[in-house]
Amino acid sequence: MPELPDVEGFRQVLLTCRGRRSVTDVDVRDAGVLRGVSEERLRKELEGRRLGKAWRHGKWLFVPTGDGPTLVFHFGMTGSLRCCDQEEPIEAHDRIVLTLGGERLLCYRDQRKLQGVRLADSADVDRILEGLGPDALAVDRDEFLELLSGRRGAVKSALMDQSVVAGLGNLLCDEILWRARVAPRTSTRSLSEKTLRRIHAAMGRVLATSVRDGCVPPRRSWLTGRRDDSEPVCPRCGTSMRSTRIAGRRTVWCPHCQN
DNA sequence: CACACTACCTGGGGGC
DNA sequence: TGCCCCCAGGTAGTGT
């Protein structure tokens with residue numbers, strides 16, 4: 001599920017989970033989501049510390065803990081973060097549950113465990129950021145053109161590459177290219193500057209709406225709202241949409257609008 | 001270096 | 001009903 005807009009929503013969950021209460025309990029219900037940190041160390045480092053102001057880069061979420069290490073979340077394809085009262089039931093996929101201020105629960109839920117939770121010192125944080133391009137929400141037009149220049153492969157592959165631009169995932173890329181009327185397999189190198197600008201503009205609009213909604217909205221007027229139909233048609237022109245695999249991911253596009 | 005492909009996990013759905 | 005295979009909004013590792 002989580003692409004930039006979803007993770008931005010999880011950041012809001014942290015910011016609004018009743019201020020910055022200190023961690024009073026750390027319940028690791030499935031150590032399979034811990035990356036490079038033991039259950040014992042996670043508990044030791046977090047208990048008694050206050051969660052600072054969360055920040056996000058691409059699909060990564062960073063939570064400083066006062067003078068301690070930074071708590072780092074990545075949500076893979078199925079992760080989420082929620083804040084609830086202690087009375088609410090813990091579900092099977094709630095892998096880590098933090099108690100804040102003795103009363104609120106912060107639950108890291110993730111079915112597939114493709115990614116996970118880690119503790120990072122500042123060097124670790126730098127290492128993560130080094131592998132990422134600029135955040136998709138912060139890339140201006142000129143920088144976008146620069147980032148995509150010299151790329152040979154499919155434009156969708158370039159947009160999906162987190163080291164180029166951070167935050168775009170499979171749904172966002174299809175949505176952006178559909179809105180910009182560019183076929184996903186088009187070689188990046190063959191795109192005119194004008195077309196690249198159109199993609200950048202589409203990225204901005206798609207992200208703005210998606211961040212507001214906390215996800216890429218499955219509206220019927222969007223490609224995302226059609227892609228799971230048994231026989232999807234383009235919301236713009238009614239043409240049957242095509243489906244293929246690019247960069248290992250299912251890719252849906254309109255052969256009429258996007259070419 | 002740029003790119004493509006697979007493995008890593010779990011669970012839901014379709015076909016037989 | 002059970003089993004098997006495929007698929008799913010991500011990334012790291014490996015090979016070309």
N/O to N/O distances under 3.5 Å, protein versus nucleotides 5-9 of chain B:
from  : atom 1 : to       : atom 2 : distance (Å)
B:dC9 : O2     : A:Arg112 : O      : 3.4
B:dC9 : O2     : A:Arg112 : NE     : 3.0
B:dC9 : N3     : A:Arg112 : NH2    : 3.4

Show me the protein contacts with nucleotides 12-16 of chain C, counting only N or O atoms at under 3.5 Å.
none

Contact list (N/O, under 3.5 angstrom) for nucleotides 13-16 of chain B vs protein:
none

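Residue pairs meeting the salt bridge (charged side-chain N to carboxylate O under 4.0 Å, His left out) criterion with at least one partner in residues 200-224 of chain A, sequence neighbours excluded, are A:Asp213-A:Arg219, A:Arg220-A:Asp229.
Shown here are the side-chain contact (heavy atoms from CB on, under 4.5 Å) partners of A:Leu114, two or more places apart in sequence or in another chain: A:Met77, A:Arg112. Residues meeting the ring-ring contact (aromatic ring centres under 6.0 Å, His included) test with A:His200, sequence neighbours left out: A:Phe144. With sequence neighbours excluded, the residues that form a disulfide (SG to SG under 2.5 Å) with A:Cys83 are A:Cys17.
Other members of the cluster containing A:Val72 are A:Trp55, A:Trp60, A:Phe62, A:Val125, A:Ile128, A:Leu129, A:Leu132, with ILVMFWY side chains joined at under 4.5 Å, either directly or via other members.
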Side-chain donor/acceptor pairs under 3.5 Å, residues 234-242 of chain A, sequence neighbours excluded:
from     : atom 1 : to       : atom 2 : distance (Å)
A:Arg236 : NH1    : A:Trp178 : O      : 3.2
A:Arg236 : NH2    : A:Trp178 : O      : 2.8

Do any side-chain atoms of residues 249-257 of chain A form donor-acceptor pairs under 3.5 angstrom with protein atoms, and if so which ones, sequence neighbours left out?
from     : atom 1 : to       : atom 2 : distance (Å)
A:Arg250 : NH1    : A:Arg227 : O      : 3.4
A:Arg250 : NH2    : A:Arg227 : O      : 3.3
A:Arg250 : NH2    : A:Asp228 : OD1    : 3.0
A:Thr251 : OG1    : A:Lys156 : NZ     : 2.8
A:Thr251 : OG1    : A:Arg249 : O      : 3.1

Dot-bracket assigned to DNA chain C with the 3.5 Å Watson-Crick/G-U criterion, [ ] for crossing and | for other-strand pairs, is .|||||||.|||||||
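Listed by residue number, A:Gln162, A:Gly169, A:Asn170, A:Leu171 are the residues of residues 162-198 of chain A with a heavy-atom contact under 4.0 Å to DNA chain C.
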